[in-house]
Amino acid sequence: MDSEAARLARAPAQHAEGAPVIELAAVEKTYPSGTRALAPIDLAIRGREFVTLLGPSGCGKSTLLRLAAGLDAPSAGRLRWWGQGFEAVGRPGQHLAMVFQQATLMPWARVAANVRLPLDLARVARPAADRAVAAALELVGLAPFAASYPRELSGGMQMRVSIARAFVTDPDLLLMDEPFGALDEITRAKLDADLAALWGTRALTVAFVTHSIYEAVFLSTRVVVLSARPGRVVAEVAIGEPFPRTDAFRLSQRFAAFCAELGGLLASAAEA
Amino acid sequence: MSPESSRSRLARYAAPVIIGVAVLALWQALVVAYDVPKYIVPSPLAVAQTLVADWALLGRSLAVTLRMTLIAFAVAVVLGTLIAFVFVQSRWLEASLFPYAVLLQVTPIVAIAPLVIIWVENVEVALTICAVIVAIFPIISNTTLGLRAVDPGLADLFRMHRASRLQTLVRLRVPSAAPYFFGGLRISSGLALIGVVVAEFVAGTGGHAAGLAYQILLAGFQLNIPRLFAALVLITLTGVALFLAMVWLARLALGRWHESELAR
């Protein structure tokens, strides 16, 4: 991934552009049990944005992402993908992928077969699929482990398999639900850096859920702060820091300032 | 291989063998010491001698019992798996049919066997049916449970990628069910044997198609206790062999990925 980072260093800084990739208009979610997960939420994520949803535990961040993935339907309000209904998802240039909190791998399938799953389900021909799998594994640095079983890998490596599986379809919108929450701090920082580099190399829009302020500041072009349940947007902070971002950014004054600002917002959000 | 693991392997295989040999030796010693008549408790050696001497008779009966057991087991596996697949197609279907599967399970086979034997003319077929009734339940319940025990995250993933019903079944439900299914096989194989033996006790018919249970029955009437023991040994060995075969099969199928089959 180092060579990619070097290539990135020469690439111009990215900016949000174009029409919203995903748009939520007055979206609410109340579960059958009566739990109100989301208060009316309005949110638009534009092409090439890396938007992080930051909020206290149980603020409905994951619910929001499930709605965005089409896994749940909102109780009220409307979601649009590329300006259309969910049926538009999957058309050329409108691919969606999701990375879950757990690696969510099939324990009975080797790493390569796990990564190939989305292509198999879409009935992509085997040679083309195998090429895409090899490229995706290369991307996350797991090419030597193609024939391993998930349980033979560490938690961090399993998560990278999960990310390779998301990237294998060359998605245009990537949803990530606290993907590194279960990992140790060092692995997490490493994967954050890899993800930031990956994002920079492609025309990819990311919606990322986390409750880590540091992760949010390091990765995002924009941070959306959600309140405690029922979740609603309390603040938005643009992180106007050029990419690629490195450990130098983590140690900078600006990083600390962003963290302090978001920390304050998050504290008030938890009380609200 | 580290010394610890070779020592633990030794303990795993040698310890039960030592216990077995010790018990047999004690048995032999007690029978000899107290001069127990062999029509009450025969010595292990006497049983072994009978096993060899009566092999023509016992071997034929073993073949009959084994054939019925294997056919019953195979039918139970195929039928049970099919029923499980039907069950998971809809909760409604399962809710309406599962109680009857339970009914079948809780009714003692001894109580049903006479009816089956009356209804079905061919005794061997009747006994096999009884064994199927006993052996099918673990297959149905375990496979149903397994087909439903799908990681919700993976289910979401399949749904997100718009997997068809068939794709979800083949690529997700069936592999998820495999460990449960093999657990069911282990129980069911033993039950098929028990079903055949119990049903034959009830039927009590002999002739050339006599199984091991009939030999036990007959040996009991004739006070030929060494032969009774010999037949008993053969039934036990058959049960153990079936169990080991299922363990081996499960290891073959799940070995690389499932926790239950990893070397400890």
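Chain letters run A, B, ... following the sequence lines, proteins first and then strands; every chain starts at 1.
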Would you mind checking which part of R162(B) comes under 4.5 Å of any heavy atom in chain A, side chain (CB onward), backbone (N, CA, C, O), both or neither?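 Answer is side chain: those atoms of R162(B) sit under 4.5 Å from chain A.
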Cut-off 4.5 Å, heavy atoms of chain A, and the answer for D156(B) is both
Checked P150(A), P107(A), A69(A), G90(A) vs chain B; the most non-hydrogen pairs under 4.5 Å come from P107(A)
Most contact-rich option vs chain B, by heavy-atom pairs under 4.5 angstrom, among L121(A), T169(A), T104(A), is L121(A)
Report task. Look at R78(A) together with E23(A) and state whether they make a salt bridge at an N to O cut-off of under 4.0 Å. Result -> no
Check the orientation of F50(A) and W199(A). Use parallel for under 30°, tilted for 30 to 60°, and perpendicular for over 60°.
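Plane angle over 60°, so perpendicular.
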- Message: So if I apply the side-chain contact (heavy atoms from CB on, under 4.5 Å) rule between L174(A) and each of T205(A), V99(A), L96(A), which one comes out positive?
- Response: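 One option only clears the test, and that one is V99(A).
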Please state whether the side chain, the backbone, both or neither of [X] comes within less than 4.5 Å of a heavy atom of chain B.
X	result
L117(A)	side chain
E152(A)	side chain
A109(A)	neither

Does the pair S33(A) and T35(A) meet the rule for a side chain to side chain donor-acceptor pair (under 3.5 Å), with working shown? CA-CA 6 Å; S33(A) 61; T35(A) 308; 3.1 Å; yes
Checklist line | More than 12 heavy atoms of other groups within 6.0 Å of R159(B) CZ | finding: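 Yes, enclosed.
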Among S164(B), S176(B), A163(B), the residue with the most heavy-atom pairs under 4.5 Å to chain A is S176(B)
One should read off an interatomic distance between L67(A) CG and S62(A) OG, to the nearest 0.5 angstrom, of 11.0 Å
